[in-house]
Amino acid sequence: MDLNFTEQEEAFRDQVRHFLADQLPTHLRDKVANGEHLSKADMEQWHSILNARGWLANHWPVAFGGPGWSAVEKFIFELECGLANAPRIVPFGLNMLGPVLIKYGTAQQQDYWLPRILDGRHWWCQGYSEPGAGSDLAAVKTTAVREGDHYLVNGQKTWTTLGQHANMIFCLVRTNREAKPQEGISFLLIDMASPGVEVRPIITLEGAHEINEVFFTDVRVPVANLVGEEHQGWTCAKYLLTYERTNIAGVGLSMAALQRLKQLAAQRSRNGRPLLEDPEFAARLARVEIDLANMQTTNLRVIAAVAGGGAPGAESSMLKICGTQIRQELTSLLRRAMGPAARVMLAPDEPETLDLGPGFASSATAQYFNNRKLSIFGGSNEIQKNIISKMILGL
């Protein structure tokens, strides 16, 4: 895909490429390229490298530690990170909570929490979904009852990504049971080391420990940890979700995956010809490449709107739908390209000399299974279509 950048933007692109070539550790590059799970230490290492360069919070205002990049520069950075197989930054503190604190937090909250997001002292996870309250977040049942200068929190969260590593969690809690569902919710910051917090693992389809259940039993949380007004947390929740959905799109990630898929398809054969020349496969590959090119344009528009002081609107739902469908199609095509060799791992009696192609291809099935979740989390794609219908079509 040809991208037309100005001379200044191309110079910035070269700067990013040189930085990635010099500073991205080889073992992290190889893990990402091969679809391997990153350890907590891996993720923290890349977080620290970007923070030291001043490029970690690239969408934050300069006053709060951002680099002051333009919309196109942000796009270029994400693109080059994807193409270089750099790890994606854990988004919960940086891309979700950070913008909420910048918009709705008090000066004291911003001064305390934002530096701790940047330097990694606080690893955040997200406490939104509950049993029976996934895409319907207004059905949240976890309660927070105020007792003096503390809230007493009881309830359960689920699908908590990387919660086993986190020391902090931001939660939607119900502070008013009598109000309409969306009017009785508050946005609360909770220390995971508090007595009464319990984390239990959920093992995903491909056998990984990525998500968790989190239980709260009489957990005491300072009232000072309330973001925004009491009972008005739905405003914070919606604002955060627009950033989450925009981040899920993963334009740079998909472009890197497309590049790797083309590489593999050129090496694999079907009926005596390169897979790239197979009509059915080539047609699907062309379709996903066209969709990805279109999504680039929308992504740039959304980034530009945010840079101008706005927040992503229905466009974030579009990006979420298109981005997840593209990523799922790419992993589906990768698995199809590998054929019988697309396994999570070799069977015990299988020879180690079996030709699996490039390293990233051997994890094709694990990636395929894991990416089934993309169209569900962050608000299912069906919910996103409802949002688009309401906000754009007025239905």
Side-chain angles (χ1 to χ4, degrees), residues 91-93 95-106 109-110 113 124-146 151-161 168-190 214 216 219 221-248 302 305-306 309-320 376-392 394-395:
F92 306 109
N95 297 335
M96 298 183 196
L97 179 59
V100 170
L101 289 172
I102 289 169
K103 186 171 181 64
Y104 296 106
T106 64
Q109 288 174 333
Q110 293 166 351
W113 299 110
W124 290 88
C125 61
Q126 180 180 21
Y128 270 29
S129 295
E130 298 181 1
S135 292
D136 182 16
L137 290 175
V140 163
K141 293 183 174 63
T142 296
T143 59
V145 178
R146 184 163 180 171
Y151 288 103
L152 202 62
V153 178
N154 286 277
Q156 177 189 354
K157 299 294 179 179
T158 193
W159 316 126
T160 308
T161 303
M168 297 294 300
I169 182 171
F170 55 85
C171 284
L172 295 184
V173 295
R174 188 159 297 285
T175 47
N176 186 345
R177 300 184 189 183
E178 307 302 323
K180 294 179 181 179
Q182 295 177 349
E183 296 177 1
I185 292 174
S186 296
F187 193 97
L188 206 57
L189 312 180
I190 303 176
V214 181
F216 304 94
V219 178
V221 181
V223 171
N225 287 18
L226 174 72
V227 179
E229 297 181 23
E230 190 176 68
H231 313 318
Q232 300 300 315
W234 189 248
T235 302
C236 297
K238 290 190 297 180
Y239 185 75
L240 182 147
L241 283 171
T242 61
Y243 280 91
E244 178 183 13
R245 289 162 184 163
T246 301
N247 185 65
I248 290 172
V302 172
V306 174
E315 296 87 353
S316 66
S317 292
M318 295 179 188
L319 284 173
K320 200 273 181 180
I376 299 173
F377 73 59
S380 69
N381 283 8
E382 290 76 14
I383 293 293
Q384 304 315 308
K385 292 175 183 178
N386 289 342
I387 292 172
I388 294 168
S389 297
K390 181 178 180 180
M391 294 183 67
I392 295 180
L395 300 178

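Here the structure is a predicted model, which means the values were calculated and not measured.
Judged by a 6.0 Å distance limit and a 45° cone about the ring axis, Lys157 is not positioned over the six-membered ring of Tyr128.
Side chain to side chain, Gln232 and Tyr104 fail the donor-acceptor criterion of an N or O pair below 3.5 Å. The closest side-chain donor-acceptor pair between Thr158 and Glu130, if any, does not fall under 3.5 angstrom.
You'll find the side chain of Leu188 reaches within 4.5 Å of the side chain of Val153, heavy atoms only. Counting heavy atoms from C-beta on, the side chains of Tyr151 and Glu230 come closer than 4.5 Å. The shortest distance between side-chain heavy atoms of Leu189 and Trp113 falls below 4.5 Å. Annotation: side chain of Gln126 is in contact with side chain of Phe170 (closest heavy-atom distance under 4.5 Å).
Nearest heavy atom pair, residue Val227 against residue Cys236, reads O-SG, 4.0 Å. Summarising the geometry of Tyr239 relative to Pro99, their closest heavy-atom pair is CE2-O, 3.5 Å, with the distance given to 0.1 Å. Contact record, Cys171 with Ile190: SG-CD1, 3.9 Å, taken as the closest heavy-atom pair. Across all their heavy atoms, Thr175 and His231 have their closest contact at OG1-ND1, 2.8 Å. Taking every heavy atom of both residues into account, Ala139 and Gly132 meet most closely at CB-O, 3.9 Å.
In this structure, the side chain of Arg174 engages the main chain of Val140 through a donor-acceptor pair within 3.5 Å. A donor-acceptor pair under 3.5 Å is absent between the side-chain atoms of Glu183 and the main chain of Asn176, judged by distance alone. Between the side chain of Ser317 and the main chain of Ile388, no donor-acceptor pair closer than 3.5 Å is present.
Of the candidates Thr161, Ile169, Thr160, Leu240, Phe92 forms a side-chain contact (heavy atoms from CB on, under 4.5 Å) with just one, namely Thr161.
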